[in-house]
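Working notes, beginning with the structure itself.
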Amino acid sequence: MKLDNASLADLVAVPKPEYDRTQLGCGIVHFGVGGFHRAHQAMYVDALLTSDPASRDWAICGVGVLPGDVHMRDALVPQDGLYTLTLKHPDGAMQTSVVGSIVEYLFAPDDPAAVIDKLADPATRIVSLTITEGGYNFSSATGEFDLTNPAIQADLQPGAVPSTTFGLVVEALGRRRDAGQPSFTVMSCDNIEGNGDIARKTFTAFACSKDPGLAEWISDNTAFPNSMVDRITPATPPELGDEVQARTGITDRWPVVAEPFTQWVLEDSFSAGRPRLESVGVQVVSDVGPYELMKLRLLNAGHQTLCYFGHLMGYRLVHDAAQDPLIRRLLLGYMNNEARHTLLPLPGVDVDAYIETLIERFSNPSIADTIARLCQYSSDRIPKWLLPVIRQQLEAGGDVVLAAAVVASWTRYAEGVDEAGEPIDVVDPLADSLVPLAVRSRNEPLAFVQNRELFGDLADENRFVRPYLWTLESLRRNGARETLQQLLVENNDPRGV
Ligand SMILES: NC(=O)c1ccc[n+]([C@@H]2O[C@H](COP(=O)([O-])OP(=O)(O)OC[C@H]3O[C@@H](n4cnc5c(N)ncnc54)[C@H](O)[C@@H]3O)[C@@H](O)[C@H]2O)c1
Ligand SMILES: O=P(O)(O)OC[C@@H](O)[C@@H](O)[C@H](O)[C@H](O)CO
């Protein structure tokens, strides 16, 4: 059975929207409709539309700005925005439901003016984002917005038709200001520490280059709440469509799979009202910071801890790596001895239990998350999640041996050839410069981490450099398994090497 508004009434096999989708209004415009947005925010909004008739003006209009988003357009538009979400439990149990909160989808390259009109419409009160860590276009080393990016440059030309998220959003905010309309909230849901603060900084930096008066208006009138978002959502595997079809009879052009766990902690800071998300399980708080640190430095940096060693040890699926005793030991060592010392107090949260749950979540075989998903875009991820742990630990005189080992594992991975001599596909916007640096580090051992754009002055810090070089050398000489064995079991201490 196909999935669209007309066929919804005939669907009996699965939970589906019981609210009247024809009566919904779009209060939210979302940039970056991928797997995660559809497993997380859209799912929460769907639950809200189901439970609270007064929330019907908070449905979602999705927007894609990249050429590749044409595939999401071609999946969602014929389905009237409907799709299936399948949650897979570790014991093999699964639940599929149809999510109905996305009621419109605009592909910006087709019609940028339609996107700007939608954003400028006073009915739009929140603009949310999952445009990935790289999407914010700021330097990890300086924190500054990168005005040299050609797409940004093009959007800043007088009279340009905008094509980037920044160009489209700021153009619409200018229209709202000129029309005497209030601003909307810009709500980042990406895995970046202080994601709202970063969004504030990057959007106002863009606006400032275009029209300083507008930047000031945005700064005075727009809320940028911080948030912590969590649900492991693998890329949709090719077989999911057939699985959903077999279980439910639904033919879904782009289904979503995720783990059952979900969490969203959101700062209560909105410029034009917000949906009552707390009624569907969102933790609306005044300070998200401690939650963000816990999640980014344990879960996301934990993923980085696992993925390069995992790949080099021959694993291709996250749960297989997480169940290897050596990798488990590495994860627990990194989390307990290094990362957790950099967290902020979170009264009422049991960090031991949180860490235990993470290991269980990483070990969930049913979602079949891939190591490849975690190994990509490293240059956007490592500086945002792992390097802050190293810097903070160095400042406090704490341990960085395992975090340095993770950076070494990334370096070894970035050489682009694995331990069996097979090529590694290094998927990274900086691959063209990082791969040669990683290869060069065979002769000039610090070449990779002397890249100050990414690492700042870490290469000058002996307490980082010693374990980094020890691990890198051992990875090349002995391989990943033997390196972890020596580091974690035989307790070779690379600090004094
Ligand atoms: N997948 C997860 O488990 C998960 C969990 C928590 C948070 N997140 C956050 O969500 C983000 C997206 O994850 P996903 O799994 O949905 O990925 P995805 O690949 O399915 O979707 C990414 C979306 O971001 C868009 N995008 C990428 N770069 C962009 C740019 N420069 N400008 C505008 N749009 C851009 C893409 O076009 C696409 O629509 C992650 O980077 C992360 O910050 C993901
Ligand atoms: O999606 P990214 O690029 O932010 O990071 C990769 C994973 O660490 C991430 O997607 C996690 O699965 C997610 O953050 C869990 O909530």
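In listed order, ligands and their atoms are each counted from 1. Just so you know, these numbers come straight off a predicted model, no measurement behind them.
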- Audit row: N226, E267, side chain to side chain donor-acceptor pair (under 3.5 Å) steps and yes/no: CA-CA 5 Å; N226 290 301; E267 185 184 357; 3.1 Å; yes
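Taking the centre of each ring, Y413 and H311 come in below the 6.0 Å mark.
Qualifying ring-ring contact (aromatic ring centres under 6.0 Å, His included) partners for F36, counting only residues two or more places apart in sequence or in other chains: H40.
Contact shell of ligand 2 (protein heavy atoms, cutoff 4.0 Å): E133, N191, D230, R231, I232, K295, L299, N300, H303, R373, L374, R381, W385.
Geometrically, R125 does not engage F184 in a cation-pi contact defined by less than 6.0 Å to the ring centre and at most 45° from the axis. Both tests hold for R38 against W254: distance to the six-membered ring centre under 6.0 Å, angle to the ring axis within 45°.
Screening residues 329-338 for side chain to side chain donor-acceptor pair (under 3.5 Å), with sequence neighbours left out, gives N336-R340.
Of the candidates R381, K384, H303, K295, N191 forms a side-chain hydrogen bond (donor to acceptor under 3.5 Å, both in side chains) with just one, namely K295.
The main-chain N or O of N300 is never found under 3.5 Å from a side-chain atom of Q304 such that the two would form a donor-acceptor pair. Listed for the T124 side chain is a donor-acceptor partner under 3.5 Å among the backbone atoms of K118.
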Run through all N or O atoms in ligand 1 and write down each protein N or O closer than 3.5 Å, as a pair with its distance.
unit_1	atom_1	unit_2	atom_2	d
ligand 1	1 (N)	T233	O	3.1
ligand 1	1 (N)	R373	NH1	3.2
ligand 1	3 (O)	R231	O	3.1
ligand 1	3 (O)	T233	N	2.9
ligand 1	16 (O)	G35	N	3.3
ligand 1	16 (O)	F36	N	2.9
ligand 1	20 (O)	G35	N	3.0
ligand 1	24 (O)	T130	O	3.2
ligand 1	28 (N)	I131	O	3.2
ligand 1	37 (O)	D69	OD1	2.8
ligand 1	37 (O)	D69	OD2	2.8
ligand 1	39 (O)	D69	OD1	2.9
ligand 1	41 (O)	E133	OE2	3.4
ligand 1	43 (O)	E133	OE2	2.6
ligand 1	43 (O)	D190	OD1	2.7
ligand 1	43 (O)	N191	N	3.0

